[in-house]
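Take a look at the structure below.
Values below: every heavy atom of this structure, side chains too, minus hydrogens, waters and symmetry copies. Predicted model only: the values in this text are computed from it and were never measured.
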Amino acid sequence: MTSRDSGREQPRGRGSGKREAILAGALSVFARDGYAGASIDAISAEAGVSTRTIYNHFTDKAGLFQQVLEHSSTSAAEAQIRIIDRHLRKVTDLEADLVDFGRAWVTPMPTHADHFRLVQRLGAESGSAVETATSTWRQAGPVRVRAELSARLGELASQRVLIVDDPDRAALHLMLLVSAGLPTQPGAAPTPHEITEAVTAGVRAFLHGYGT
């Protein structure tokens, strides 16, 4: 192999480890600096790859931003769906199971901290790239998760455990109620006691409207 050959980048479709490193590095930089403030050079440094490697995998910063949001949203959504399945797949004590669900739902997930920081920044960004990526995030994340919770609440209604005319609206109400009163600003970490109090109050309000 010549020295020239050894310097070639791997063709697209190979080097999945580098692609994952780019996505992780880009997520960290976008979460810290926002879309407008992030640079390919900063992402290159964070990911530990060359800028050429980034452009071999992604056409431009806008394309990378969309892929980052889709990738991180899918991962975060899968974690939230696991919470729904773990606590609401088989309900034996409705209020207790909903409280357990709510506590898990609102407890911060350190492994997805960069994703949620990035999502919080979306409202302050503008431009077509951000609008496209935001649409991607909604479909891969919140819309998918809400559909899963809606389906589960619909099943509980069919078992006459809940009275639900509109499962999608009920899912929205449950998500809002269990998090009501908890701090939302970055870096704020409610205590387990504060979480339990807020979630329990939210679940009881939910059951007041939807319980049998």
Are there more than 12 heavy atoms of other residues, nucleotides or ligands under 6.0 Å from atom CZ of Arg86?
yes
Please report the shortest heavy-atom distance between Lys90 and Asp97, naming the atom on each side.
O-OD2, 4.1 Å
Assign the ring pair Phe30 / Phe65 to parallel, tilted or perpendicular, where the plane angle (0 to 90°) is split at 30° and 60°.
perpendicular
Charged N to carboxylate O below 4.0 Å: is that the case for Asp114 and Arg117?
yes
How far apart are the C-alpha atoms of Ser50 and Thr53, what are their side-chain angles, what is the distance that settles it, and do they pass the side chain to side chain donor-acceptor pair (under 3.5 Å) test?
CA-CA 5 Å; Ser50 68; Thr53 297; 2.9 Å; yes
Search all heavy atoms of Met175 against all heavy atoms of Val178 and return the closest pair with its distance.
O-CG2, 3.5 Å
Could you grab the distance from atom CG of Leu94 to atom CG of Leu162, nearest 0.5 Å is fine?
5.0 Å
Derivation of the side-chain contact (heavy atoms from CB on, under 4.5 Å) call for Ile81 and Arg144:
CA-CA 9 Å; Ile81 289 169; Arg144 178 185 171 199; 3.6 Å; yes
To the nearest 0.5 Å, tell me how far Arg138 CZ sits from Leu122 CG.
8.5 Å
Look up atom CG in Leu69 and atom CG in Leu23, then write down how far apart they are to the nearest 0.5 Å.
11.0 Å
On a heavy-atom basis, the closest approach of Ala76 and His115 is CB-CD2, 3.7 Å
What are the two closest non-hydrogen atoms of Leu153 and Ala170, and how far apart are they?
CD1-C, 3.7 Å
Are there more than 12 heavy atoms of other residues, nucleotides or ligands under 6.0 Å from atom CZ of Arg89?
yes
Enter the distance from Tyr35:OH to Arg121:CZ here, rounded to the nearest 0.5 Å.
14.0 Å
Does Leu176 offer a backbone N or O that forms a donor-acceptor pair with the side chain of Ser179 under 3.5 Å?
yes
Quick note, side-chain hydrogen bond (donor to acceptor under 3.5 Å, both in side chains) partners involving residues 102-112, not counting sequence neighbours, are Asp100-Arg103
Give the intermediate values and the outcome of side-chain contact (heavy atoms from CB on, under 4.5 Å) for residues Glu46 and Ile43.
CA-CA 5 Å; Glu46 185 72 26; Ile43 293 168; 5.6 Å; no
Non-hydrogen side-chain atoms of Phe101 and Leu149 separated by less than 4.5 Å:
yes
Euclidean distance, Leu177 CG relative to Leu172 CG, rounded to 0.5 Å
9.0 Å
Tell me whether Lys18 contacts the main-chain N or O of His57 through its side chain, where contact means a donor paired with an acceptor under 3.5 Å.
no
Quick check on side-chain hydrogen bond (donor to acceptor under 3.5 Å, both in side chains): which of Gln66, His71, Gln67 does Thr136 satisfy it with?
Gln66
Min side-chain heavy-atom separation Leu88-Leu98 under 4.5 Å:
yes
Steps toward side-chain contact (heavy atoms from CB on, under 4.5 Å) verdict (Leu156, Val91)
CA-CA 8 Å; Leu156 292 175; Val91 171; 3.8 Å; yes
Might you point out which heavy atoms bring Ala38 and Val29 nearest each other, and give the distance in Å?
CB-CG1, 3.7 Å
For residues 202-212, run the donor-acceptor check on the side chains, cut-off 3.5 Å, and write out each pair with its distance to 0.1 Å, sequence neighbours left out.
from: Arg204; atom 1: NE; to: Glu95; atom 2: OE2; distance (Å): 2.9
from: Arg204; atom 1: NH2; to: Glu95; atom 2: OE2; distance (Å): 3.4
from: Tyr210; atom 1: OH; to: His173; atom 2: ND1; distance (Å): 2.7

Gln80 side, atom CD; Ser73 side, atom OG - distance, nearest 0.5 Å
9.5 Å
Does Trp137 reach the side chain of Pro142, with side-chain heavy atoms less than 4.5 Å apart?
yes
Hey, does Ile22 have a side-chain heavy atom less than 4.5 Å from the side chain of Leu64?
yes
Any chance NE2 of His87 has more than 12 other-residue heavy atoms, nucleotides or ligands included, within less than 6.0 Å?
yes
Of all heavy-atom pairs between Tyr55 and Asp60, which one has the smallest distance, and what is that distance?
CE2-CA, 4.1 Å
Without swapping roles, check the side chain of Ser150 against the backbone of Arg146 for a donor-acceptor pair under 3.5 Å.
no
Keeping Ser44 on the side-chain end and Val49 on the backbone end, is there a donor-acceptor pair under 3.5 Å?
yes
